[in-house]
Structures are given as C-alpha cells and as structure tokens.
Amino acid sequence: MTAGQMKSIFSSILLTVFCLSASGQDQAMRPFADYERTGYLIMAAAAGHDSSAQKRTIVQNLPSDVKLILFAPKLDQAKQELIISDYARFIPRSRIIYMTIPKGERGFWARDAVPFPLIGSGGNLILADAHYWDNFEPDDYFSQLFQAPMIKHKKTFEGGNFMTNHLGNCFMVNSTPTDQISNSFFVKNYGCRTVTKLPHVGGIGHIDERARFIDEKTILTDTESYRKVFEKQGYTVHMLPKGKKAMETYVNSIIVNGTVFVPTFMHANDEVALNVYRSVGLKVIGLDSRALSNTGKGSYHCITMNFPAVPLGQVSPSFVVQ
C-alpha cells in the first residue's frame with residue numbers, strides 16, 4: 001500500500017468519526033463494554049473443537065461475583081445433569097444457569113450469535129438482535145431470561161466484529177457483511193456515538209482478532225496500521241506481538257472483572273503477550289488456543305459473551321434449569 005493510499009484510508013476513517021460525533025444526538029442507550037463489570041459469562045454447554053479443558057479453566061477462574069450461563073439444545077434430564085455437574089466441580093451450583101435453546105448446538109461462537117447488551121438511560125438492560133448466519137437465533141430466549149427489551153433488525157451481523165468502549169466509540173472491520181451496513185445503523189441499533197470501520201488486513205475479518213479495549217482510553221492491537229488510527233483518535237495503544245501462524249492472535253482474549261484469559265500458542269511470543277496484559281493491570285491467565293485458532297475456530301473471545309451485572313427476570317422453570 002502506498003503512502004497516498006494509506007492517507008486516504010485514514011482520512012476516510014476520521015471523517016466517519018467526525019460526522020457521527022458532530023450530529024449532537026443524545027443517545028438513550030449505550031453499548032456495554034466488556035471491560036466493565038461482568039455479571040454473567042455466557043457460552044455453549046457443549047465443549048466442541050477440543051475446547052473442554054479451556055472452558056473448564058475459564059470457569060474455575062471466574063471471579064466469585066460472576067454467574068455462568070450455559071445454553072444447549074433440549075436434552076434429556078440425565079444429560080443436562082451431567083453438564084451442570086461437570087461445571088459445578090469448579091463453581092457453586094447456584095452460580096450456574098442452564099438454558100434450553102433450539103439448535104443450541106450451532107451456537108459454539110457465542111460472541112457472534114448471542115444478542116449484544118446495551119445499557120439504557122436508567123441503567124436497565126437492552127438487547128440488540130444478532131441476526132446470525134448459521135440459522136441459530138437465541139435472541140428472544142435471552143430477552144425472556146433477563147426480561148429485557150429487544151431491538152430487532154434484519155441485518156446479518158456477527159458480534160465478534162464489534163468492539164466498543166462504554167462511551168459508545170465503536171470499532172469494526174469493514175469486511176463482509178459489515179461493509180454492507182451503514183454507520184447510522186450502529187448509532188440507531190447499538191447505541192454507538194462514533195463508528196470507525198477499519199480495513200480488513202487479515203484473518204476472517206473480525207475486530208476481535210486485531211484490537212481490544214482495556215478501558216475507555218486504552219487499546220491493545222497487533223496491527224501497526226490500526227495503531228496509527230487509534231493514536232490519531234487520542235487512544236493510548238499497546239502493541240501485542242503477532243502469532244507465528246496465520247490465525248493465531250493474542251488479541252482474542254476475554255476480560256472478566258480484572259481477570260483476562262489470553263490465547264497462547266506454545267512459543268516465545270506467549271510470554272511477551274502475557275506481559276503486555278500484565279502491564280495494563282490485569283490478572284493474566286494464559287490458555288493454549290492452538291486447537292481452536294489453528295483450525296480456524298477463533299479463540300476465547302469468540303466462544304464467550306459478557307453480560308453486565310443486572311438482575312435476571314422471572315422465567316419459566318421449563319426454560320431454565322438451575
């Protein structure tokens with residue numbers, strides 16, 4: 001890419017941010033940032049793709065104020081009990097919520113399929129529809145579970161390609177199908193104050209492969225061209241090393257109330273990456289992600305979803321097994 005082309009990209013990106021910021025429209029809601037206090041960590045009950053040991057390690061190290069929500073297709077009572085009992089070895093059973101959702105076996109990538117949490121002006125939970133390409137639509141079930149209103153839309157959009165701080169500054173990669181969705185759509189439906197679409201520079205085209213917020217002003221990335229964009233917008237940027245193989249990324253981590261679970265790949269860059277996370281004040285747990293990442297299955301941010309600490313609604317006993 002020439003210097004002129006790079007300058008054009010930066011100019012286009014910054015113009016997008018300026019135009020949306022200048023609209024002056026007060027947002028009645030804002031996106032929940034996953035570095036904020038998490039009340040619920042959500043993931044598919046089925047292990048899948050050699051992830052069982054890693055999921056158990058995540059659950060074993062969940063902060064004590066976080067509940068685990070597991071979802072699965074309808075199973076007989078004995079199989080449900082086996083799943084719940086497995087995780088109850090690591091956290092009290094009272095912290096486990098088991099949901100029955102049709103086609104739940106298709107929801108391994110929870111970040112993409114579970115509705116996105118928003119915070120309303122009164123602190124109430126609002127959910128934004130995640131219209132998922134794999135014909136798995138759990139949105140209404142989470143709306144019922146939390147008794148939270150749902151913003152419905154018809155756009156196919158994956159949660160792994162959405163990164164935000166709690167101020168509503170939203171970032172995504174301008175890859176298919178996101179490149180077909182207007183910036184104003186994210187302002188209206190996801191509570192964004194600004195929208196920045198970054199060029200697709202590798203991987204499957206999700207922002208959680210390339211960059212993540214640590215707090216409202218701090219971003220980690222492994223992509224030099226993104227670093228320049230973030231710094232021009234006033235962020236403090238820390239560079240992570242790249243993995244050795246094409247789909248390896250240390251960015252695809254999950255933060256749960258000060259603890260971060262970081263993909264590792266059994267080579268020298270692992271410790272470099274872990275030290276970057278330590279340097280920003282997080283308790284760091286590294287988890288081998290080779291079986292996921294190197295087979296194109298993503299990593300820990302992809303297979304989990306953070307929800308804020310809000311009360312659960314009243315739901316039918318047939319819908320949730322506790």
Begin from the C-alpha positions of L292 and Y300 and carry the test side chain to side chain contact (heavy atoms under 4.5 Å, CB included) through to its verdict.
CA-CA 9 Å; L292 287 169; Y300 305 117; 3.8 Å; yes
How far apart are the C-alpha atoms of K242 and E224, what are their side-chain angles, what is the distance that settles it, and do they pass the salt bridge (charged side-chain N to carboxylate O under 4.0 Å, His left out) test?
CA-CA 11 Å; K242 288 185 179 291; E224 180 64 22; over 6 Å; no
Among residues at least two apart in sequence or on other chains, which ones pass side chain to side chain donor-acceptor pair (under 3.5 Å) with S293?
S289
Quick one: name the residues clustered hydrophobically with I119, using the 4.5 Å side-chain heavy-atom rule over I, L, V, M, F, W, Y, and just say none if it's on its own.
F32
Do the two ring centres, one from F185 and one from H153, sit under 6.0 Å apart?
yes
Between N294 and E248, is any side-chain donor less than 3.5 angstrom from a side-chain acceptor?
yes
Got a sec, which hydrophobics cluster with I204, joining ILVMFWY side chains under 4.5 Å apart, including via others?
M247
Verify whether one side chain among S182 and S184 offers a donor that lies under 3.5 Å from an acceptor in the other.
yes
Looking only at atom types and distance, does a side-chain atom of Q80 sit under 3.5 Å from a main-chain N or O of L75, one as donor and one as acceptor?
yes
In this structure, which one of N269, T264, D270 forms a side chain to side chain donor-acceptor pair (under 3.5 Å) with Y250?
D270
Going by side-chain heavy atoms closer than 4.5 Å, which hydrophobic residues are tied to M266, directly or by a chain of links?
none
Rest of the hydrophobic cluster containing V272 (Ile/Leu/Val/Met/Phe/Trp/Tyr, side-chain heavy atoms under 4.5 Å)?
none
Criterion salt bridge (charged side-chain N to carboxylate O under 4.0 Å, His left out) on K152 and E137, from CA distance to verdict:
CA-CA 12 Å; K152 293 274 192 179; E137 294 296 331; over 6 Å; no
Describe, in one word, how the ring planes of F136 and Y132 are oriented to each other, choosing from parallel (under 30°), tilted (30 to 60°) and perpendicular (over 60°).
perpendicular
Do N61 and R56 have side-chain N/O donor and acceptor atoms under 3.5 Å apart?
no
Which residue pairs pass the salt bridge (charged side-chain N to carboxylate O under 4.0 Å, His left out) test when at least one of the two sits in residues 208-219, sequence neighbours left out?
D34-R212, R210-D222
Hey, are N165 and Y35 close enough side-chain-wise for a donor-acceptor pair under 3.5 Å?
no
